[in-house]
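Have a look at the structure below, then the notes.
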Amino acid sequence: ETASPAVHANLSADDRAQLEAFLASDGPDQLIEVGEDGALRAVPLDKRYDEFWDVGLSQAEQRLLVPLVALVRHQASEAAQRNEDFWIMDWGPGSARLVDELLRQLEKEGITNVRVVAAGHRPSVNWKNVHPRAGFICDTYKNFPRYFAPGAPFANVRFGLVIGLNALT
């Protein structure tokens, strides 16, 4: 059994328990998101998806017009020569299919120094199945800096690549 990636969230104890139950489920009978007030709230089912919610690696490469695997392979090789990890930020990961497929492809090639932080306010039950070299932030964008402050989970991380597919719309 492989480890699930960590999900970081600054929530009340009740909201944290609700998030953990949601992430452990097989599929939502409701959707949740972190609201501007920092609390979890239900979301109507028809608001879940946008065209990028479940984008895979090949779709992302086509949309971005960038050979993402080749780019990350090159950057990871350079980072490895410095004895460092290569960090990617996925802004708005949706189901995180892209993150998972990218990390698994790189692992097949023997590349294990790539780490991903995927950050968004609307979690997916799929996050628990994503490659463990990914980590998640479930919060609003205005609260993201707290996760990079000294002593925080991603303090001192330098990102070599930021992916934001929603910026394409």
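The analysis underlying the following values was restricted to heavy atoms, covering all of them including side chains, and did not include hydrogens, waters or symmetry mates. Every value quoted in this text rests on a predicted model; they were computed, and no experiment measured them.
- Under a 3.5 Å cut-off, the side chain of D54 and the backbone N or O of R97 do not form any donor-acceptor pair.
- Residues passing the salt bridge (Lys or Arg N to Asp or Glu O under 4.0 Å) test with E61: none are found, sequence neighbours excluded.
- Within the 4.5 Å cutoff, the side chain of F136 has no heavy atoms near those of the P123 side chain.
- Legend: residues meeting side-chain hydrogen bond (donor to acceptor under 3.5 Å, both in side chains) with Q59, ordered by chain and number and at least two apart, are absent.
- A distance-only check finds a donor-acceptor pair linking the side chain of W127 to the backbone of G94 [under 3.5 Å].
- With sequence neighbours excluded, no residue forms a salt bridge (Lys or Arg N to Asp or Glu O under 4.0 Å) with D90.
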Please tabulate, one pair per line, all N/O donor-acceptor pairs under 3.5 Å involving side-chain atoms of residues 71-80, not counting sequence neighbours.
unit_1: R73; atom_1: NE; unit_2: E109; atom_2: OE1; d: 2.7
unit_1: R73; atom_1: NH2; unit_2: E109; atom_2: OE1; d: 3.2
unit_1: R73; atom_1: NH2; unit_2: E109; atom_2: OE2; d: 3.1
unit_1: H74; atom_1: NE2; unit_2: E78; atom_2: OE2; d: 2.9

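- For the salt bridge (Lys or Arg N to Asp or Glu O under 4.0 Å) test, no residue two or more places apart in sequence or in another chain qualifies with K108.
- By the 4.5 Å heavy-atom criterion applied to side chains, E84 and N113 are not counted as neighbours.
- No donor-acceptor distance shorter than 3.5 angstrom exists from the side chain of E101 to the backbone of G56, with no hydrogens or angles considered.
- Take D85 and apply the salt bridge (Lys or Arg N to Asp or Glu O under 4.0 Å) test, not counting sequence neighbours, and it matches R115.
- Under the 4.5 Å side-chain criterion, counting only non-hydrogen atoms from C-beta, V116 is not in contact with V130.
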In a table with atom names and distances, give each donor-acceptor pair under 3.5 Å that connects a side chain of residues 145-164 to protein atoms at least two apart or in another chain.
unit_1: R146; atom_1: NH2; unit_2: N143; atom_2: OD1; d: 3.2
unit_1: Y147; atom_1: OH; unit_2: N10; atom_2: N; d: 3.0
unit_1: Y147; atom_1: OH; unit_2: D139; atom_2: OD2; d: 2.6

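- Taking the side-chain contact (heavy atoms from CB on, under 4.5 Å) definition, one finds that A6 meets it with H8, sequence neighbours left out.
- Under the side-chain contact (heavy atoms from CB on, under 4.5 Å) criterion, E33 pairs with R41, V43, H121, R122, not counting sequence neighbours.
- Not a single ring pair (Phe, Tyr, Trp, His ring centres under 6.0 Å) links F86 to another residue, sequence neighbours left out.
- For the salt bridge (charged side-chain N to carboxylate O under 4.0 Å, His left out) condition, the pairs that include at least one residue of residues 8-17, sequence neighbours left out, are R16-E20.
- Proximity of the aromatic rings of F144 and W91 is defined here by a centroid distance below 6.0 angstrom, and this criterion is met.
- At least one side-chain heavy atom of L19 sits less than 4.5 Å from a side-chain heavy atom of I32.
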